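Below, chains carry the letters A, B, ... as their sequence lines are ordered, and counting in each starts from 1. All of these numbers come straight from a predicted model, not from anything done at the bench.
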Amino acid sequence: MSAEKIKAPRGTFDVLGEQEARRASLETCAREILESAGYERIETPAFEATELFARGVGGSTDIVQKEMYTLTDGSGRSLTLRPEGTAPVCRAYVEHGMHKRPAPVKLWYLSSFFRYERAQAGRYRQFWQVGAEALGSDDPALDAESIALLAELLSQMGVSDVRLRISSLGTREARLRYRELLQGHLRSRQDELSDDVRGRIEMNPLRAFDSDHEGTRTVMQSAPRLLDHLDRGDLEHFAEVRSLLDLAGVAYDVDATLVRGLDYYTRTVFEFTSDALGAQSGVGGGGRYDGLVAELGGPATPGMGWAAGIERILLASESRPENEARLDLFIAVGDTTDRAARGLAFATVTAARAAGLTAQMELAGRSLKGQLGYANKLGARYVATMAAAECVLKDMRSGAEQTLASHAVVASVRDALGAGK
RNA sequence: GUGGGCGUAGCUCAGCUGGUAGAGCUCCUGGUUGUGGUCCAGGCGGUCGCCGGUUCGAAUCCGGUCGCUCACCCCA
């Protein structure tokens, strides 16, 4: 008899009530900020060819190695629920020949993404990100503008205790050279390292800078620094980005140990964190990816972008009281067994909406007292109780009542509301 | 994948030195209030996550299992 309850899968959630309202206001805020800077919204498919992420995000990353929801469709194609937004946007850029549009091509999105991870505070298997990507220019001003836009979004959303860290990874070549240098340093002193750091030397040596293991920290103090191994062009680019951020009044810390988990980053990388969050303190981050479009088969095209977690922004911002929904008119029925009165109520509520009012009627067979209470809970401004051809219209704020012909209700309420403005 | 905490009504929780379940809120009904907002009364609602064990008897003790959650890891 009692079938087993089906619950939302682990790491997923339903959005309703106040949460929905907060998300809607975040979306509005993001749209205003980004579109006023020339970003155009883009929506890409929820799933893509698996190859897109394997190649774009990088085969050695955790995301590709163990976090992708990959499925085979009926025709044997391998598809993957998008784990991130940059590769799909670049795919669309190439597919639609956007390199022929005037540069930079600026695109933004607000979509859900999927990663098979253990859920915890601020981390989900289906999560939402707002992101912005700008393609076709390597001008450092683009980097600074992009970062400043995210700073503005976080500020307007009231995210507390925000900190921005930035660094530069240099070109792909410089980065690879440095990586080998660092690996050499780690290998030469590997017995001093913690087990997990030692295990990651080949995979993710940069990660060693984050360790709080004592021996590891000692080793890292003498480790080569990425910023000391950039070419002159990269250094000049980075210096210009910083100088422009200074001009824009965006505060930041340079952090040479900043690590980003995706392979496609080059030159500028950055991350916003908030202490108001739990262990998952990153609210948003991104950087430059000058090789990604070419990697995906397009013309050599520089790019710069970021993504920020919707759930994390909301988690780190004080919840504001939402402005409650407006209800102009509630239609009650004195005698719910009176078919004629119910019909009249139905016709009236329809007419009210056609006249531009927000209106609801009793739909659950409540007693009259129950209906009034319900209308009050809905925040109705006026309640009309229908009976035969006459009805009683009550102003819920003042308590004043008047009896009038049923067909005159809508016009009467509309006039009253118009006059009240 | 590995740890810690927790699983009792829709929600927040009490009950846990073993005797087959309670409160508040919500919802519905009635009374009071000029037909709502106050107050009063009543009602709906739970096989105490699931399985097994100990016991005359378990929500309460033990084992297992599933789920939620936080953290590691990783990232947004």
Side-chain angles (χ1 to χ4, degrees), chain A residues 1-2 4-13 17 57 61-67 82-86 109-131 150 154 159 194-197 199-200 203-204 206-207 210-212 258-262 270-274 277-286 305-316 330 332-335 362 364-387 391-403:
Chain A
M1 193 63 193
S2 65
E4 198 171 331
K5 277 187 196 168
I6 298 174
K7 302 200 285 189
R10 174 184 295 216
T12 68
F13 50 87
V57 176
T61 60
D62 274 19
I63 291 179
V64 172
Q65 289 222 320
K66 50 187 192 189
E67 294 176 3
R82 57 184 172 199
E84 63 97 51
T86 303
Y109 56 83
L110 194 164
S111 328
S112 62
F113 297 90
F114 308 85
R115 265 130 83 161
Y116 182 74
E117 293 187 276
R118 287 295 292 263
Q120 67 184 73
R123 187 169 79 184
Y124 305 95
R125 289 184 171 178
Q126 182 182 187
F127 57 101
W128 297 72
Q129 288 187 160
V130 54
L150 179 52
L154 298 178
V159 178
S194 70
D195 292 347
D196 53 330
V197 168
R200 279 197 299 258
M203 203 65 151
N204 199 346
L206 274 300
R207 204 70 225 179
D210 289 343
S211 175
D212 44 15
L258 183 60
V259 179
R260 301 250 85 220
L262 289 72
F270 68 98
E271 183 169 82
F272 284 90
T273 56
S274 168
L277 262 18
Q280 306 302 317
S281 63
V283 284
W306 49 257
I310 299 297
E311 293 76 27
R312 292 186 187 176
I313 290 176
L314 262 18
L315 221 52
F330 183 86
V333 180
D335 175 2
E362 172 58 21
R366 265 177 278 259
S367 67
L368 186 56
K369 171 178 171 144
Q371 292 179 56
L372 267 298
Y374 180 54
N376 186 56
K377 195 156 294 162
L378 292 175
R381 186 64 224 285
Y382 289 93
V383 172
T385 304
M386 312 304 286
C391 82
V392 175
L393 182 64
K394 175 162 184 164
D395 180 334
M396 295 294 277
R397 207 172 289 168
S398 68
E401 291 170 20
Q402 64 178 102
T403 303

Checklist line | Pair of N/O donor and acceptor under 3.5 Å linking C66(B) base with R10(A) side chain | finding: no

Check: How long is the span from the CZ atom in R312(A) to the OH atom in Y124(A), to the nearest 0.5 Å?
Finding: 9.0 Å

Item checked: A76(B) pyrimidine/purine six-ring stacking with F113(A), under 5.5 Å and 30° -> no

Next item on the list: Let me know the distance between CG of L378(A) and P of C27(B), rounded to the nearest Å.
Entry: 11 Å

Check: Rounded to the nearest 0.5 Å, how far apart are CG of L315(A) and OG of S281(A)?
Finding: 12.0 Å

Checklist line | Any-strand Watson-Crick or G-U partner of C16(B), both distances under 3.5 Å | finding: none

Item checked: Nearest-Å distance for atom pair CG/P, residues L368(A) and G36(B) -> 8 Å

Notebook entry, point to check: When you compare U33(B) with C50(B), how far apart are their P atoms, in angstrom units rounded to a whole number?
Noted result: 47 Å

Check: Using purine N1 to pyrimidine N3 plus N6-O4 or O6-N4 for Watson-Crick, or N1-O2 and O6-N3 for G-U wobble, each under 3.5 Å, what pairs with A71(B)?
Finding: U2(B)

Notebook entry, point to check: From T61(A) OG1 over to K66(A) NZ, what is the distance, rounded to the nearest 0.5 angstrom?
Noted result: 10.5 Å

Checklist line | Complementary nucleotide of C27(B), counting Watson-Crick and G-U pairs under 3.5 Å | finding: G43(B)

Next item on the list: Could you please name the partner base of G7(B), counting Watson-Crick and G-U wobble pairs only when both distances are under 3.5 Å?
Entry: C66(B)

Next item on the list: Rounded to whole angstrom, note down the P distance from G57(B) over to G18(B).
Entry: 15 Å

Item checked: Most 5' of V283(A) and G370(A) on RNA chain B, judged by nearest nucleotide -> G370(A)

Next item on the list: Find the partner of U32(B): check Watson-Crick (N1-N3 plus N6-O4 or O6-N4) and G-U wobble (N1-O2, O6-N3) distances, both under 3.5 Å, and reply none if neither fits.
Entry: none

Margin query: When the C1' atoms of U54(B) and C61(B) are compared, how many Å lie between them, rounded to an integer?
Written below: 8 Å

Notebook entry, point to check: Mind checking the P distance from G42(B) to G22(B)? Whole angstroms is fine.
Noted result: 15 Å

Item checked: Distance between C1' atoms of U20(B) and U8(B) (Å, rounded) -> 14 Å

Check: Using purine N1 to pyrimidine N3 plus N6-O4 or O6-N4 for Watson-Crick, or N1-O2 and O6-N3 for G-U wobble, both under 3.5 Å, which nucleotide pairs with U60(B)?
Finding: none

Notebook entry, point to check: Expressed in angstrom and rounded to an integer, what is the separation of E84(A) atom CD from C74(B) atom C1'?
Noted result: 15 Å

Margin query: Whole angstroms only, please: what is the NZ-P distance between K7(A) and G67(B)?
Written below: 9 Å

Note to self: Taking side-chain hydrogen bond (donor to acceptor under 3.5 Å, both in side chains) as the definition, give me every residue that meets it alongside T385(A), ordered by chain and number, with sequence neighbours left out.
What the structure shows: none

Next item on the list: For G122(A), answer base if it contacts any base atom (sugar-phosphate contacts may also be present), sugar-phosphate if it contacts only those atoms, and nothing otherwise; contact means non-hydrogen atoms under 4.0 Å.
Entry: base

Next item on the list: Determine the interatomic distance between P on C72(B) and the same-named atom on C28(B); round to the nearest Å.
Entry: 44 Å

Check: Which nucleotide in the list C74(B), A76(B), G36(B) gets nearest to the side chain of F127(A)?
Finding: A76(B)

Next item on the list: Treat primed atoms plus P, OP1 and OP2 as sugar-phosphate and everything else as base, then score nucleotides 1-10 of chain B 5' to 3': B for base contact with protein heavy atoms under 4.0 Å, S for sugar-phosphate contact only, - for none.
Entry: BBB-------

Next item on the list: May I have the distance from L372(A) (atom CG) to G36(B) (atom P), rounded to whole angstrom?
Entry: 6 Å

Notebook entry, point to check: Is Y124(A) touching bases, backbone alone, or none of the nucleic acid, heavy atoms closer than 4.0 Å?
Noted result: base

Note to self: For the backbone of A119(A) and the side chain of R125(A), can you confirm whether one donor and one acceptor N or O come within less than 3.5 Å of each other?
What the structure shows: no

Checklist line | P atoms of U17(B) and C62(B), separation to the nearest Å | finding: 11 Å

Notebook entry, point to check: Hey, is the side chain of K394(A) pairing donor to acceptor with the base of G36(B) inside 3.5 Å?
Noted result: yes

Check: How would you label the contact of G399(A) with the nucleic acid (heavy atoms, under 4.0 Å): base, sugar-phosphate, or nothing?
Finding: base

Check: What about K377(A), does its side chain sit under 3.5 Å from the base of U26(B) through a donor-acceptor pair?
Finding: no

Item checked: Whole-Å gap separating P (A76(B)) and CG (L314(A)) -> 18 Å

Margin query: Measure CD/E271(A) against C1'/A76(B) and give the value in whole Å, please.
Written below: 9 Å

What donor-acceptor contacts under 3.5 angstrom involve side-chain atoms of residues 368-379 of chain A, with partners at least two apart or in another chain?
{"unit_1": "Q371(A)", "atom_1": "OE1", "unit_2": "V333(A)", "atom_2": "N", "d": "2.8"}
{"unit_1": "Q371(A)", "atom_1": "NE2", "unit_2": "V333(A)", "atom_2": "O", "d": "3.0"}
{"unit_1": "Q371(A)", "atom_1": "NE2", "unit_2": "R366(A)", "atom_2": "O", "d": "3.1"}

Margin query: Students often get this wrong, so: under 4.0 angstrom with heavy atoms, is R115(A) touching a base, only sugar-phosphate, or nothing?
Written below: base

Notebook entry, point to check: Which part of the nucleic acid, if any, lies within reach of A375(A) when heavy atoms closer than 4.0 Å are counted: base, sugar-phosphate only, or nothing?
Noted result: nothing

Margin query: For a quick check, tell me whether the side chain of K369(A) and the base of G31(B) share a donor-acceptor pair closer than 3.5 Å.
Written below: yes

Notebook entry, point to check: OP1 or OP2 of A71(B) less than 4.0 angstrom from a side-chain nitrogen or oxygen of Q120(A), does that happen here?
Noted result: yes

Checklist line | Interatomic distance, R366(A) CZ vs C27(B) C1' [rounded to whole Å] | finding: 9 Å

Check: Do the side-chain N or O atoms of T61(A) get closer than 4.0 angstrom to the phosphate oxygens (OP1, OP2) of C74(B)?
Finding: no

Item checked: T12(A) or F272(A), whichever maps to the more 5' nucleotide of RNA chain B -> T12(A)

Check: E401(A) near the nucleic acid: base, sugar-phosphate alone, or nothing, with a heavy-atom cut-off under 4.0 Å?
Finding: base

Item checked: Value rounded to 0.5 Å, distance of CH2 in W306(A) from CD in E271(A) -> 14.0 Å

Margin query: Can you check the distance between U29(B) and A14(B), where both ends of the measurement are the P atom (answer in whole Å)?
Written below: 32 Å

Check: Of the candidate nucleotides C72(B), C74(B), A76(B), which contains the atom at the shortest distance from the side chain of A307(A)?
Finding: A76(B)

Check: With sequence neighbours left out, what residues match R381(A) under side-chain hydrogen bond (donor to acceptor under 3.5 Å, both in side chains)?
Finding: D395(A)

Notebook entry, point to check: Looking at NZ of K7(A) and OG1 of T12(A), how far apart are the two atoms once the value is rounded to the nearest 0.5 Å?
Noted result: 11.0 Å

Item checked: Counterpart residues, salt bridge (Lys or Arg N to Asp or Glu O under 4.0 Å), relative to R123(A) (two or more places apart) -> E117(A)

Checklist line | Complementary nucleotide of U38(B), counting Watson-Crick and G-U pairs under 3.5 Å | finding: none

Checklist line | From A76(B), C72(B), C27(B), nucleotide with atom closest to R312(A) side chain | finding: A76(B)

Next item on the list: For S112(A), enumerate each residue passing the side-chain hydrogen bond (donor to acceptor under 3.5 Å, both in side chains) test, keeping only those at least two apart in sequence or located in another chain.
Entry: Q126(A)

